[in-house]
Structures are given as structure tokens and as C-alpha cells.
Amino acid sequence: MPAQLHFNLLTLFPEMFPGSLGYSLSGRALEDGIWSYDAVNIRNFATDRHKTVDDTPFGGGAGMVMRADVLEKALLALPIERGRTIYLSPRGKPLNQRIVEDLSQAKNLTLLCGRYEGVDQRFLDAYDIEEISIGDYVLSGGEPAALILMDACIRLLPGVMGNETTPDEESFCGDGLLEYPHYTRPAEWTTADGRTCTVPDILRSGDHGKVRAWRHAQSLALTRERRPDLLPPDPEND
Ligand code: SAM
């Protein structure tokens with residue numbers, strides 16, 4: 001049976017995959033065939049004897065740029081249909097849970113991992129390539145960003161998480177708030193320097209309604225404090 005989600009990865013470092021995705025839930029899901037990937041080495045599509053994949057930028061400046069002609073050859077040789085094609089890039093649309101939910105519905109995704117200064121713009125334009133960023137900072141290559149995007153998508157695939165979490169209650173899901181705090185045994189814990197830390201009584205009360213209300217209030221308070229941008233608009237301020 002084909003995997004629910006297949007990733008084509010265009011990279012200069014195919015050995016970076018599956019990386020962290022070979023462990024835990026995503027690793028088991030890979031073994032079970034729930035998701036699959038082909039990591040294609042862009043360098044195999046270079047045509048000169050030095051296997052060159054980059055060149056200096058027109059207009060001058062520091063660094064090297066990945067060549068459109070080499071990238072095109074790699075893209076067109078993909079063994080599995082490319083589907084939505086994404087260049088991981090700091091200039092891209094910021095990744096969030098809504099985008100992840102949307103991407104996880106795809107059959108195939110192609111992820112282009114940049115290196116050096118980035119990719120010749122003509123390649124991105126000619127093949128309608130979307131750009132997605134994993135945050136406002138600069139990595140040295142797109143592979144870790146691809147692994148993050150893949151991880152977030154894979155855990156949403158049916159059969160991957162089982163009972164290990166309640167997706168609607170997680171941060172950014174369901175009501176879109178940050179998640180409430182968690183506690184586990186022991187109920188009373190003393191730190192190495194002698195401070196005694198207890199668990200909020202309500203969580204041990206057995207009253208599910210009150211626990212739900214407490215958790216929601218905690219979620220709201222945390223979101224208000226840390227990420228007010230996630231709160232729904234206040235109708236009184238409209
Ligand atoms: N010159 C580029 C710029 O200033 O926008 C940065 C290039 S970066 C050194 C090399 C590669 O890392 C990029 O082509 C991209 O694939 C990847 N990368 C870096 N930061 C990223 C981010 N925040 N999100 C996604 N990919 C990123």
C-alpha cells in the first residue's frame with residue numbers, strides 16, 4: 001500500500017534524512033509505511049566533471065547561489081510526482097500549525113533544502129515553488145528546517161500518534177491557545193535544595209468539569225501573557 005504522505009527531498013546532504021525522524025513515533029510510522037521519502041542528491045545532476053551545483057551571484061556580493069539548471073534536472077528526475085513544492089527559506093511564509101494541517105493532507109510534497117546564499121530566483125519562479133520559513137533566524141542549510149516541517153506533518157497522519165496525545169488540546173490546535181501546564185507523580189516533590197513543590201489541588205479532586213475549567217483558564221492566562229497575538233479578537237475593542 002502506498003504511504004499516506006511521501007516526501008521528495010532535494011538536498012546536497014541526503015544522509016541527513018531521516019535523521020531525527022527515524023526515532024520514536026515518526027520512526028515507527030516510517031517502518032510501518034505510513035510515510036515515506038526519497039532524498040535526492042542535487043549534486044548527482046551537475047553536468048561538469050567537478051560536479052558544480054553553485055556559482056557566484058550576478059551583481060556581485062558574497063557567497064554562492066545554487067544553479068537553476070542543476071536544480072531543474074533534479075526536480076524533473078524525481079521518481080515520484082512532486083506535488084506541492086516548497087523551498088525552505090527564511091524569506092518564506094512563517095510555518096504555523098494551520099499550514100502544517102494543510103500540508104499533512106497532501107499525498108506528495110517536495111522540499112528543496114537550500115545551502116550557501118540560496119537558490120537562483122528563476123528556478124523558484126519557473127516552477128511555482130512556495131517558500132516557507134521555520135522562523136525569523138538564519139540556518140546554514142534547509143535540511144533541519146525540512147526535518148521540522150516533516151515532523152510536524154507526520155505526527156498528524158492517522159495512525160501515528162495513537163492515544164499519546166489529545167490533538168485538540170495541544171498548543172495552536174482546537175481553540176488556538178497555548179496548552180495548559182502538566183503535572184505527574186510524585187504529587188509532592190522536593191528539589192535538591194529542599195524546596196517542596198506540590199500539584200494544584202484541583203487536578204487531584206477527581207472533578208472533571210472543574211479540571212477542564214481550570215485548564216482552560218490556565219491556557220487563556222498563559223496565552224495572554226506569552227502570545228497575546230493568538231487570542232481571538234475582543235468584540236468590545238472592535
Ligand atoms: N541568504 C539567505 C537569506 O538571507 O535569506 C540565507 C541562506 S541560508 C545561509 C542557507 C539555506 O538555509 C537557505 O537557502 C534555506 O534553505 C535554509 N534556511 C535558513 N534559514 C531558514 C529558515 N529560517 N527557515 C527555512 N529555511 C532556512
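Numbering of ligands and ligand atoms starts at 1, following listing order.
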- Task: Go through Thr85 and Leu75 one step at a time and tell me if the side-chain contact (heavy atoms from CB on, under 4.5 Å) criterion holds.
- Result: CA-CA 10 Å; Thr85 305; Leu75 183 75; 4.2 Å; yes
- Message: Distance under 4.0 Å to a non-hydrogen atom of Tyr87: what atoms of ligand 1 satisfy this?
- Response: 13 (C), 14 (O), 16 (O)
- Task: Can you sort out which atoms of ligand 1 are near Glu117, meaning under 4.0 Å from one of its heavy atoms?
- Result: 1 (N), 2 (C), 7 (C)
Ligand 1 N/O within reach of [X] N/O, cut-off under 3.5 Å:
X      : value
Ser140 : no
Arg91  : no
Ile132 : no
Val138 : no
Gly118 : no
Cys113 : no
Tyr116 : no
Ala145 : no

- Message: Do the side chains of Glu179 and Arg215 get close enough for a salt bridge, i.e. N-O under 4.0 angstrom?
- Response: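 Salt bridge between Glu179 and Arg215, a charged N being under 4.0 Å from a carboxylate O: no.
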- Query: Is any NZ, NE, NH1 or NH2 atom of the basic residue among Arg84 and Glu130 found under 4.0 Å from an Asp or Glu carboxylate oxygen of the other?
  - Reply: yes
Identity and separation of the nearest protein heavy atom to [atom]:
atom                    : result
atom 27 (C) of ligand 1 : Pro90 CD, 3.6 Å
atom 23 (N) of ligand 1 : Tyr137 O, 2.8 Å
atom 15 (C) of ligand 1 : Leu88 O, 3.0 Å
atom 11 (C) of ligand 1 : Gly114 O, 3.5 Å
atom 24 (N) of ligand 1 : Ile134 N, 3.1 Å
atom 20 (N) of ligand 1 : Leu139 N, 2.9 Å

- Task: Kindly state if atom 4 (O) of ligand 1 has a protein heavy atom within a strict 4.0 Å cut-off, that is, under 4.0 Å?
- Result: no
- Message: Under 3.5 Å, is there a donor on one side chain and an acceptor on the other for Thr191 and Asp193?
- Response: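 Checked: Thr191/Asp193 side chains pair up, N/O donor to acceptor below 3.5 Å.
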- Are any of the side-chain heavy atoms of Ile132 and Tyr87 separated by less than 4.5 Å? no
- Closest to atom 26 (N) of ligand 1 among Ser89, Ala146, Ser133, Gly142 (heavy-atom distance):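 Considering heavy atoms of Ser89, Ala146, Ser133, Gly142, the nearest to atom 26 (N) of ligand 1 sits in Ser89.
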- On the 0 to 90° scale, with breaks at 30° and 60°, tag the His182-Tyr180 ring pair as parallel, tilted or perpendicular. perpendicular
- Query: Given Leu10 and Leu111, is the side-chain contact (heavy atoms from CB on, under 4.5 Å) satisfied, shown in steps?
  - Reply: CA-CA 6 Å; Leu10 294 173; Leu111 306 181; over 6 Å; no
- Task: Flag yes if Leu71 and Val65 sit in one hydrophobic cluster, no otherwise; membership is Ile, Leu, Val, Met, Phe, Trp, Tyr, and two members link when side-chain heavy atoms are under 4.5 Å apart.
- Result: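 No.
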- Pair Leu139-Leu88, side-chain contact (heavy atoms from CB on, under 4.5 Å): steps then yes or no: CA-CA 10 Å; Leu139 303 170; Leu88 281 310; over 6 Å; no
- Message: For a side-chain contact (heavy atoms from CB on, under 4.5 Å) check, start with the C-alpha distance between Phe17 and Glu143, then their side-chain angles and the critical distance, and finish with the verdict.
- Response: CA-CA 8 Å; Phe17 298 94; Glu143 289 80 6; 3.7 Å; yes
- Task: Check the pair Arg155, Glu170 against salt bridge (Lys or Arg N to Asp or Glu O under 4.0 Å), reporting the backbone distance first and the verdict last.
- Result: CA-CA 12 Å; Arg155 63 193 293 284; Glu170 285 194 302; 3.0 Å; yes
